[in-house]
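Below: the structure, in structure tokens.
The figures here come from the full heavy-atom set of this structure, side chains too, leaving out hydrogens, waters and symmetry mates.
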Amino acid sequence: MYLVADGVAIVETVDFFPPIVDDAYAAGAIAAANAMSDVYAMGGEVLFALNIVAWPDDLSFDPLERLIAGAVDKAAEAGAVIAGGHTVIDSEPKFGLAVTGRVDPRHMLMKGPLAIGDALWLTKPIGTGLLTTAHKLGKCSPEDLASVVASMVALNRGAARAAAAAGVHAATDVTGFGLVGHANEMAVASGLGMRIDSTAVPWLPGARAHAEHGISFGGLERNAAYYVGEGHVRFGADVDEPTQRLLLDPQTSGGLLVAVPAAHAEAWDRARETNSVEAWRIGEAIPGHGVTVA
């Protein structure tokens with residue numbers, strides 16, 4: 001974030017990765033929504049973006065055109081434009097955006113601090129990592145794939161606007177560190193602990209089944225090794241292994257994790273309704289440190 005004038009700060013962020021679904025248009029829209037999410041996680045609005053493309057020189061440009069078209073349309077939905085970009089030759093396709101947004105620093109969302117008793121709300125279901133890995137393995141049904149794509153391409157714009165309208169001060173987006181990893185970031189930023197009710201966390205259709213079948217991949221294993229292995233996240237005895245895997249699952253274009261003080265609860269409910277934002281209350285800030293999951 002860079003302050004340029006009273007009440008105006010520029011937010012700059014970048015994200016790119018290999019396509020995670022076969023449909024090129026959907027992959028471009030997912031990459032764009034994911035890259036723009038960091039601006040929304042700070043309560044801002046997207047202004048414009050630049051494409052970042054790595055493309056094999058022996059691969060047709062037809063899917064690249066569809067990839068970029070998906071990103072252009074998603075940026076337009078955000079009220080933004082893609083103003084250009086840069087392409088390099090690489091052995092594996094990769095795509096993303098460098099995004100420029102703006103935010104009023106007086107109403108900016110940060111990861112903390114939270115106060116004891118602040119309610120923790122989640123604005124998208126969990127399970128994108130497990131489902132897209134299942135898709136790569138040919139084990140994801142068309143219906144479940146359609147659900148996870150719809151979740152990943154959904155912008156966090158409405159959630160950010162609702163948080164700002166409600167006067168909420170703390171939020172983050174849920175991405176590669178998984179739900180409990182990003183909750184831990186908020187706990188660390190606040191010098192407090194987080195308690196999460198695993199039974200209140202929403203799952204994407206099919207995600208629970210794949211967690212039960214034991215699908216695993218590097219990002220999930222790294223999250224488990226760090227957050228659980230290093231003691232930052234503690235699971236209760238009643239939290240089974242599939243649920244733990246879901247809570248550690250790295251998300252692509254996940255929702256916002258919003259901390260709502262009791263004094264702002266009614267305003268948050270009204271703002272969510274005004275902005276058509278679905279959300280689930282999944283926990284609260286408590287004394288202590290780290291994340292406790294029951």
From Asp118 atom CG to Ile286 atom CD1, the distance as rounded to the nearest 0.5 Å: 12.5 Å
Residue Phe16 excluded, over 12 heavy atoms near CZ under 6.0 Å: no
Salt bridge flag under 4.0 Å for residues Arg66 and Asp62: no
Keeping the roles fixed (side chain from Ser190, backbone from Ala187), state whether a donor-acceptor pair exists under 3.5 Å. no
Main chain of Ser147, side chain of Ser151: is a donor-acceptor contact present, judged purely on distance under 3.5 Å? no
With a 3.5 Å cut-off and no angle check, do the side chains of Gln251 and Thr175 form a donor-acceptor pair? no
Got Ile68 and Val72 here, is their nearest side-chain heavy-atom distance under 4.5 Å? yes
Would you say the side-chain atoms of Thr13 and Asp38 include a donor-acceptor pair closer than 3.5 Å? yes
Ignoring hydrogens and angles, state whether a donor on the side chain of Glu221 or Ser216 is under 3.5 Å from an acceptor on the partner side chain. yes
Would you confirm whether Asn51, through its side chain, and Val53, through its main-chain N or O, come within 3.5 Å as a donor-acceptor pair? no
Side chains of Glu12 and Val99, heavy atoms from C-beta outward: is any pair under 4.5 Å? no
Measure across Pro250 and Asn223 and return the closest heavy-atom pair with its distance rounded to 0.1 Å. CG-ND2, 3.6 Å
Strictly distance-based, threshold 3.5 Å: is any side-chain N or O of Asp90 a donor or acceptor partner for the main-chain N or O of Ala54? no
Salt-bridged, Lys74 to Glu77, with N to O below 4.0 Å? yes
OG on Ser91 to CD1 on Ile89, rounded to 0.5 Å: 11.5 Å
Of all the heavy-atom pairs spanning Ala9 and Pro105, show the shortest one and how long it is. N-CD, 4.0 Å
Is it true that the NZ or CZ of Arg281 lies under 6.0 Å from the centre of Trp268's six-membered ring and within 45 degrees of the ring axis? no
Look at the side chain of His264 and the backbone N and O of Val260, then say whether any donor-acceptor pair between them is shorter than 3.5 Å. no
Looking at Lys139, I'd like to know if its NZ atom is crowded, meaning that more than 12 non-hydrogen atoms belonging to other residues, nucleotides or ligands lie closer than 6.0 Å. no
Within a radius of less than 6.0 Å around CD of Glu241, do more than 12 heavy atoms belonging to other residues, nucleotides or ligands occur? no
If we ignore angles and hydrogens, is there a donor and acceptor under 3.5 Å between the side chains of Arg208 and Thr243? yes
Side-chain (Asp73) to main-chain (Gly70) donor-acceptor, under 3.5 angstrom: no
Once you round to the nearest 0.5 Å, how far does NZ of Lys111 lie from CG of Asn184? 10.5 Å
Give a yes or no on whether Tyr25 and Ile30 share a hydrophobic cluster (residues Ile, Leu, Val, Met, Phe, Trp, Tyr; joining criterion: side-chain heavy atoms under 4.5 Å apart). no
Can a side-chain donor-acceptor contact be found between Ser37 and Asn156 if the only test is distance below 3.5 angstrom? yes
Is the backbone of Leu47 close enough, under 3.5 Å, to the side chain of Thr100 for a donor and an acceptor to pair up by distance? no
Consider only side-chain heavy atoms of I, L, V, M, F, W and Y, link residues closer than 4.5 Å, and tell whether Leu179 and Leu130 are in one cluster. yes
Please evaluate residues Arg157 and Glu45 with respect to the criterion salt bridge (Lys or Arg N to Asp or Glu O under 4.0 Å), reporting the C-alpha separation (whole Å), side-chain torsions for both, the decisive distance (0.1 Å), and the verdict. CA-CA 8 Å; Arg157 191 184 194 188; Glu45 288 284 347; 3.0 Å; yes
Shortest non-hydrogen contact between Ala207 and Gly127, atoms and distance: CB-CA, 3.9 Å
Using a strict cut-off of less than 4.0 Å between a Lys/Arg side-chain nitrogen and an Asp/Glu carboxylate oxygen, indicate whether Lys124 and Glu278 qualify as a salt bridge. no
Heavy-atom count check: over 12 atoms from other residues, nucleotides or ligands less than 6.0 Å from Met110 CE? no
For His210 and Ile215, indicate whether the former's side chain and the latter's backbone hold a donor-acceptor pair under 3.5 Å. no
Can you hop from Tyr227 to Ile282 via hydrophobic side chains spaced under 4.5 Å? yes
Checking His169 side chain against Pro113 main chain: does a donor-acceptor pair fall under 3.5 Å? yes
Examine Met152 and Val174 and state if one hydrophobic cluster contains both, with Ile, Leu, Val, Met, Phe, Trp and Tyr joined whenever side-chain heavy atoms are less than 4.5 Å apart. no
Atom CG in Leu114, atom CG in Leu120: separation rounded to 0.5 Å? 7.5 Å
Quick check: closest heavy atoms across Val11 and Met42, and the distance to 0.1 Å? CG1-SD, 3.9 Å
What's the spacing between His213 NE2 and Leu137 CG if we round to 0.5 Å? 13.0 Å
Heavy-atom neighbours of His232 NE2 exceed 12 at 6.0 Å: yes
Show the nearest heavy-atom pair for residues Thr128 and Thr252, with the distance to one decimal. OG1-N, 2.9 Å
Hey, are the side chains of Phe235 and Leu247 touching, using non-hydrogen atoms and a 4.5 Å cut-off? yes
Mind listing the closest non-hydrogen atom pair of Pro93 and Trp55 along with its distance? CB-CZ3, 3.6 Å
Phe177, CZ atom: more than 12 neighbouring heavy atoms under 6.0 Å: no
Using a distance-only test with no angle check, is there a side-chain donor-acceptor pair under 3.5 angstrom linking Thr292 and Arg234? yes
Spell out, yes or no, whether Phe17 and Leu67 are grouped together once hydrophobic residues are joined by side-chain heavy atoms under 4.5 Å, including indirect joins. no
In Å and rounded to the nearest 0.5 Å, what is the CG to CZ distance from Leu64 to Phe61? 7.0 Å
With Leu131, the side chain to side chain contact (heavy atoms under 4.5 Å, CB included) member among Leu145, Val149, Leu204: Leu204
Just by modelled atom types, is the Arg245 backbone N or O under 3.5 Å from a matching donor or acceptor in the Asp249 side chain? no
